[in-house]
Amino acid sequence: MSENKKIEKIVGVKGMNDLLPDDSALWELFENTVHSVLKSYGFQQVRTPIVEPTPLFARGLGEVTDIVEKEMYSFEDSMNGDKLTLRPEGTAGVVRAAIEHNLVYDGPKRLWYAGPMFRHEKPQRGRYRQFHQVGAEALGFSGPDIDAELIMLCQRLWDDLGLQNVCLELNSIGDANERNLHRAALISYFENHSDILDAEAKRRLHSNPLRILDTKNPAMQEMVNAAPKLLDYLGAESLAHFDGVQKILRHNSIPFTINPRLVRGMDYYNRTVFEWVTDELGSQGTVCAGGRYDTLFSTFGGKPTPACGFAMGIERLIELMKVAGDVHQPSLCDVYLVHQTDEGQMQSLVLGERLRDAGLDVVLHCATATGVGSFKSQMKKADASGCAYAVIIGEDEVANNNVSIKSMRSDIAENNQISVPFDAAVDYLVDQIAGTGDDSSCCDDPNHIHINH
Ligand code: ATP
Ligand code: MG
């Protein structure tokens with residue numbers, strides 16, 4: 001057909017990103033590190049569906065919250081009319097699952113999850129419509145020790161990732177009755193300053209006055225700064241809990257700032273709330289946020305169960321890792337197999353499997369529409385792969401039952417090519433690669449990536 005009609009390309013949904021190979025190694029490094037830190041504190045993974053019944057979030061997070069009011073992807077299942085929502089956060093689903101499967105019947109549980117979350121926000125740096133969180137939820141624990149442990153876990157993660165500029169802000173928002181007292185004081189204070197309130201604040205004055213403290217409107221800052229502080233309304237038990245958290249953090253040399261203005265965007269929080277913030281990411285500087293939520297189980301009709309957790313934004317942390325370190329692309333493989341003729345290709349396939357059996361990462365040159373290409377073009381691909389060695393099996397090698405091995409990296413001493421009997425090639429390469437002290441190659445390092453600080 002000579003007709004070359006232009007077919008319109010379909011592009012992805014705005015604010016929802018593809019993770020491409022250039023970044024995936026960094027994501028894997030982050031994920032492996034956070035998984036091993038979580039495991040080192042005894043946290044177990046749970047996976048809940050991406051879709052939940054809409055009332056779960058409306059009831060759990062609160063009707064008058066940014067998320068429920070304007071950020072949720074909610075829809076009706078056209079098959080049966082069910083009202084569903086793409087999860088905007090992870091805690092509600094984990095608590096739903098814990099109640100449904102009676103997870104805390106035999107004692108408290110430390111759980112973690114990771115995956116995509118969905119919020120209809122204005123896309124910008126560090127703010128997307130599909131983004132990813134990893135979160136921890138400690139269910140059934142009531143003391144300040146677990147709050148502090150969660151915070152220390154985060155600190156360990158920043159240390160392991162080499163992130164230095166992440167600071168802890170801490171607050172206590174007390175219990176419901178303490179918040180009610182404060183709320184009454186706040187409403188009358190705001191009423192006395194109604195001339196300064198903007199439209200959103202006026203709308204929230206009686207429904208959610210606490211959120212007015214979170215305003216970004218510069219004209220309201222001074223008035224909001226002088227508003228009654230919740231900390232002054234905390235009773236003895238809440239204060240003791242808050243002191244307990246601080247004492248453990250100090251004892252473990254975790255620096256923090258008490259931010260009396262820190263309130264969280266979800267209604268389910270009580271007592272301890274915290275955020276980890278950095279000034280290296282522009283205005284989207286909060287990389288992790290969490291707190292205690294002792295009443296969420298009851299809100300969902302479960303047995304009252306105290307709990308505490310956090311969620312971190314993976315995109316923002318990946319961005320911070322890029323800012324903090326000079327990130328090297330890891331090599332694709334240890335060995336790249338170059339070949340010619342059908343027999344050479346067959347032998348390469350066999351050798352590739354044997355090398356993988358020995359723990360090496362191997363890329364076999366495969367044909368495209370134009371065939372396997374010349375030696376020269378295959379060697380270019382080998383070079384671009386970042387491999388330590390290219391193994392060549394051409395007509396001569398097949399005839400002599402050997403392989404040619406060429407070291408590809410300038411930091412490997414003998415940068416020449418040698419012949420090795422086919423059956424000795426695996427041992428030779430394993431020795432060479434293990435002996436170079438090259439930790440980007442294979443075997444023990446699951447991460448295959450370096451960040452130099
Ligand atoms: P923000 O104030 O930035 O809107 P939030 O209070 O709505 O954050 P949480 O619901 O506490 O955020 O989520 C925990 C973390 O998830 C945030 O600290 C952030 O790192 C990340 N996060 C939240 N929303 C987004 C988003 N739309 N895109 C990317 N990351 C996000
Ligand atoms: Mg938000």
Side-chain angles (χ1 to χ4, degrees), residues 13-19 23 27 30 34 50 56-57 60-62 64-73 85-95 112-137 150-151 153-154 157-158 161 163 165-171 173 200 208 210-217 259 261-270 272-293 296 308-323:
V13 179
K14 190 177 167 195
M16 304 200 180
N17 301 316
D18 300 306
L19 172 62
D23 271 351
W27 278 69
F30 174 81
V34 74
I50 283 169
L56 184 81
F57 302 113
L61 277 54
V64 194
T65 54
D66 278 350
I67 294 178
V68 173
E69 277 185 335
K70 55 188 185 202
E71 294 175 359
M72 293 208 302
Y73 283 93
T85 293
L86 298 185
R87 64 179 183 195
E89 58 92 64
T91 305
V94 170
V95 170
W112 69 269
Y113 63 86
M117 305 294 159
F118 303 85
R119 298 185 194 175
H120 195 98
E121 303 198 69
K122 188 163 165 272
Q124 53 196 288
R125 182 186 182 198
R127 193 174 292 288
Y128 310 102
R129 291 181 173 173
Q130 175 178 300
F131 61 101
H132 296 77
Q133 287 183 335
V134 50
E137 313 291 0
L150 286 163
I151 289 169
L153 186 162
C154 293
L157 178 64
W158 316 145
L161 293 171
L163 302 177
N165 194 1
V166 190
C167 302
L168 175 63
E169 296 197 356
L170 192 65
N171 192 21
I173 57 168
E200 193 179 12
N208 198 348
L210 212 62
R211 290 290 283 161
I212 301 177
L213 296 174
D214 223 12
T215 180
K216 299 205 164 73
N217 182 349
N259 175 0
R261 293 268 308 276
L262 182 65
V263 292
R264 304 277 305 113
M266 275 79 98
D267 281 1
Y268 53 61
Y269 286 105
N270 69 305
T272 317
V273 290
F274 61 88
E275 286 191 354
W276 289 94
V277 293
T278 176
D279 55 13
E280 295 191 32
L281 294 178
S283 47
Q284 267 57 255
T286 305
V287 292
C288 174
R292 187 160 270 288
Y293 50 93
L296 190 57
C308 190
F310 65 70
M312 40 186 81
I314 303 183
E315 281 80 359
R316 293 185 193 177
L317 283 161
I318 297 287
E319 186 79 12
L320 194 57
M321 287 164 77
K322 288 185 187 169
V323 173

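Both ligands and their constituent atoms are indexed starting at 1 by order of listing.
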For this session: Quick one: do Phe310 and Trp276 satisfy side chain to side chain contact (heavy atoms under 4.5 Å, CB included)? Show the steps, please.
Result: CA-CA 10 Å; Phe310 65 70; Trp276 289 94; over 6 Å; no
Exercise. Hey, does the side chain of Thr272 reach the backbone of Arg292 with a donor-acceptor pair shorter than 3.5 angstrom?
Worked result: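 Answer holds: no.
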For this session: Determine the sole option in Glu71, Arg129, Met72, Met16 for which the side chain to side chain contact (heavy atoms under 4.5 Å, CB included) test with Phe118 is passed.
Result: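 So the option named by the test is Met16.
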Exercise. Should Val34 and Trp112 be marked as a side chain to side chain contact (heavy atoms under 4.5 Å, CB included) after you check the CA-CA gap, both sets of side-chain angles, and the distance that decides it?
Worked result: CA-CA 10 Å; Val34 74; Trp112 69 269; 6.0 Å; no
Problem set entry | Test side chain to side chain contact (heavy atoms under 4.5 Å, CB included) applied to Val95 and Tyr268, step by step | CA-CA 12 Å; Val95 170; Tyr268 53 61; over 6 Å; no
Exercise. So which protein residues pack against ligand 1 under 4.0 Å, heavy atoms counted?
Worked result: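 Under the 4.0 Å cut-off, ligand 1 touches Arg119, Glu121, Gly126, Arg127, Tyr128, Phe131, Gln133, Arg264, Met266, Thr286, Val287, Cys288, Ala289, Ala311, Gly313, Arg316.
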For this session: Please assess Glu121 against Asp66 for the test side chain to side chain contact (heavy atoms under 4.5 Å, CB included), listing each intermediate value before the final yes or no.
Result: CA-CA 10 Å; Glu121 303 198 69; Asp66 278 350; over 6 Å; no
